[in-house]
Amino acid sequence: MERRENSRCNSDGGFNTLICQEDLYDDPPSNQNRRQVSMSNMIPGRQGRLAVVSLALFAAVLLIVDISLGVHYNRLTDTHLTIDDTEHIENELNKLQETYKTAIKTMKDAKKQVDSEMSRQTQTNWELEHQTKRTSDYEAQIKKITGDIASLRSHLPMIHDGCRHCPAGWLLMNLVCYYFPFSDGAGYKTWQKAREFCQMHGGDLAVIDNKDKENATVRVLINNHDASKNINGFWIGLRDLHEEGTWKWLDGTILVEGYWNDGEPNDVNDEDCAAVYPRENFFKAWNDVGCGQTMKWICEKAPTSVN
């Protein structure tokens, strides 16, 4: 009974081997081999160690494979994303290129339109300039015609009265008959020859001793002046032959008011005779000229009768 009560068996969960207490206390010779075998079974053997190593290697391989698959997956994912991004960028670039081409075409079309408008504007400016010039020409012609009409009107009484009081070819102005040799046939004469011509026709070189005579005489010269011909001037009855600087009319009257041009008289090359010129400013219409030069002239004489 006592052996039965004390008989306890322990189980080693690690190797599923039963070890009885009796076996521990009883040590009969016949049971030594049995005890040794049981103890040997309690210690892990080579097969167990190989199994553990194999499992560890397998786990390591699995871990490596798992890591490799993860890395490969990540690379595939990154590659996929990169391809998508590249395609997106290429699409955006294509859109930008199309937009750029459209903008360039629009700009070229706008430039063509601007060039066309500028060309038309240039032609319009040319036409405006042309028409402005024509208008200016017409205004100048109108002004000239108006002046000619006014001159003719002013000459009508002179011509009408001249026909009654002056010889043919002479004009009546300020109650005096004047002769102006405008025609080429009359020729040119020195101051002395011109005076002789006037005396031969009952007169003398003109005496212009006041503003009204000066203005009327210059107006006639301007109205009958041919711009294509170089008319130097017309002799008048004024000179400083006897005393330099003292200008006298033919009747001996000393000049009181002269209508000299700027810088005149200057007595260059012994200029002792006076001439009148068709200048717009009649206050500056006289020059002193050498008496030996040939020029046109102006004669004057009294009318035949004045009522």
Side-chain angles (χ1 to χ4, degrees), residues 151 154-210 212-226 229-244 246-256 258-260 264-265 269-279 282 285-307:
S151 176
S154 65
H155 278 71
L156 284 176
M158 291 189 296
I159 295 172
H160 180 267
D161 293 337
C163 293
R164 293 187 300 151
H165 305 291
C166 301
W170 291 62
L171 294 177
L172 181 65
M173 296 188 305
N174 301 315
L175 304 178
V176 177
C177 294
Y178 290 92
Y179 173 75
F180 298 89
F182 292 115
S183 65
D184 293 334
Y188 299 85
K189 301 181 183 297
T190 64
W191 187 90
Q192 184 60 39
K193 292 294 183 182
R195 185 181 186 189
E196 292 175 359
F197 176 89
C198 295
Q199 289 174 339
M200 183 176 63
H201 289 82
D204 210 332
L205 288 173
V207 174
I208 307 175
D209 55 2
N210 61 58
D212 292 337
K213 289 183 179 180
E214 171 71 8
N215 187 17
T217 302
V218 172
R219 288 302 102 193
V220 173
L221 296 180
I222 291 174
N223 293 332
N224 291 274
H225 173 62
D226 188 352
K229 297 178 181 179
N230 185 17
I231 300 178
N232 293 326
F234 293 75
W235 294 121
I236 58 176
L238 182 67
R239 60 182 179 176
D240 66 346
L241 181 62
H242 301 292
E243 183 180 353
E244 183 62 34
T246 302
W247 293 85
K248 295 181 179 181
W249 297 108
L250 294 178
D251 59 3
T253 303
I254 296 176
L255 176 65
V256 176
Y259 304 98
W260 301 103
E264 300 290 340
N269 298 323
D270 194 24
E271 296 174 336
D272 295 327
C273 294
V276 60
Y277 290 77
R279 295 188 179 124
F282 64 87
W286 292 2
N287 281 20
D288 60 340
V289 184
C291 298
Q293 292 190 31
T294 57
M295 304 177 68
K296 295 292 185 178
W297 64 96
I298 303 174
C299 297
E300 72 170 28
K301 69 176 181 178
T304 56
S305 62
V306 177
N307 296 330

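Keep in mind that the numbers below use all heavy atoms, side chains included, and drop hydrogens, waters and symmetry copies.
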Visitor: Can a side-chain donor-acceptor contact be found between N287 and R279 if the only test is distance below 3.5 angstrom?
Guide: yes
Visitor: Looking only at atom types and distance, does a side-chain atom of T217 sit under 3.5 Å from a main-chain N or O of K213, one as donor and one as acceptor?
Guide: yes
Visitor: Please confirm whether K296 makes a cation-pi placement over Y188, using NZ or CZ under 6.0 Å from the six-membered ring centre and within 45° of the ring normal.
Guide: yes
Visitor: What are the two closest non-hydrogen atoms of P303 and C177, and how far apart are they?
Guide: CA-SG, 3.6 Å
Visitor: State, yes or no, whether a side-chain contact exists between I254 and W247 at a heavy-atom distance under 4.5 Å.
Guide: no
Visitor: Given the rule in the side-chain contact (heavy atoms from CB on, under 4.5 Å) test, do F180 and V220 qualify, once you have shown the distances and angles that lead to the verdict?
Guide: CA-CA 9 Å; F180 298 89; V220 173; 3.8 Å; yes
Visitor: Within the structure provided, determine whether Y179 and I298 are in side-chain contact (heavy-atom separation under 4.5 Å).
Guide: no
Visitor: What's the verdict on ring pair (Phe, Tyr, Trp, His ring centres under 6.0 Å) for F197 and W297, showing C-alpha distance, side-chain angles and the deciding distance?
Guide: CA-CA 10 Å; F197 176 89; W297 64 96; 5.3 Å; yes
Visitor: V218 and side chain to side chain contact (heavy atoms under 4.5 Å, CB included): which partner among F234, W286, Y259, F282?
Guide: F282
Visitor: Under 6.0 Å from the ring centre and within 45 degrees of the ring axis: does the NZ or CZ of K301 meet both conditions for the six-membered ring of W170?
Guide: yes
Visitor: Between W235 (side chain) and K189 (backbone), is there a donor-acceptor pair under 3.5 Å?
Guide: yes
Visitor: Do side-chain atoms of E214 reach the backbone of I208 as a donor and acceptor pair under 3.5 angstrom?
Guide: no
Visitor: Is the shortest side-chain N to carboxylate O distance from R195 to D204 below 4.0 Å?
Guide: yes
Visitor: For the CG atom of N269 and the CG atom of D288, what is their distance to the nearest 0.5 Å?
Guide: 10.0 Å
Visitor: Begin from the C-alpha positions of K248 and T253 and carry the test side-chain contact (heavy atoms from CB on, under 4.5 Å) through to its verdict.
Guide: CA-CA 5 Å; K248 295 181 179 181; T253 303; over 6 Å; no
Visitor: Begin with the C-alpha distance, continue with both residues' side-chain angles, and end with the deciding distance and a verdict on side-chain contact (heavy atoms from CB on, under 4.5 Å) for D272 and W191.
Guide: CA-CA 10 Å; D272 295 327; W191 187 90; over 6 Å; no
Visitor: When rounded to the nearest 0.5 angstrom, what distance separates CD in E300 from SG in C166?
Guide: 11.5 Å
Visitor: Using only atom types and a distance under 3.5 Å, with no angle test, would you say the side chain of N210 pairs donor to acceptor with the backbone of D212?
Guide: yes
Visitor: Taking the side chain as C-beta and beyond, is there a heavy-atom pair between V256 and D209 under 4.5 Å?
Guide: no
Visitor: Taking atom CE of M200 and atom SG of C299, what is their separation to the nearest 0.5 Å?
Guide: 9.0 Å
Visitor: State, with a plain yes or no, whether a side-chain heavy atom of L255 is found less than 4.5 Å away from one of L238.
Guide: yes
Visitor: For the residue pair Y178 and L172, establish whether any side-chain heavy-atom pair is separated by less than 4.5 Å.
Guide: no
Visitor: Just verifying a value: how many Å separate R219 CZ and N224 CG, rounded to the nearest 0.5 Å?
Guide: 12.0 Å
Visitor: Could you report the tightest heavy-atom contact between W249 and A206, atom names first, then the distance?
Guide: CZ3-O, 4.0 Å
Visitor: Give, for atom CD1 of I236 and atom SG of C273, the distance between the pair rounded to the nearest 0.5 Å.
Guide: 10.0 Å
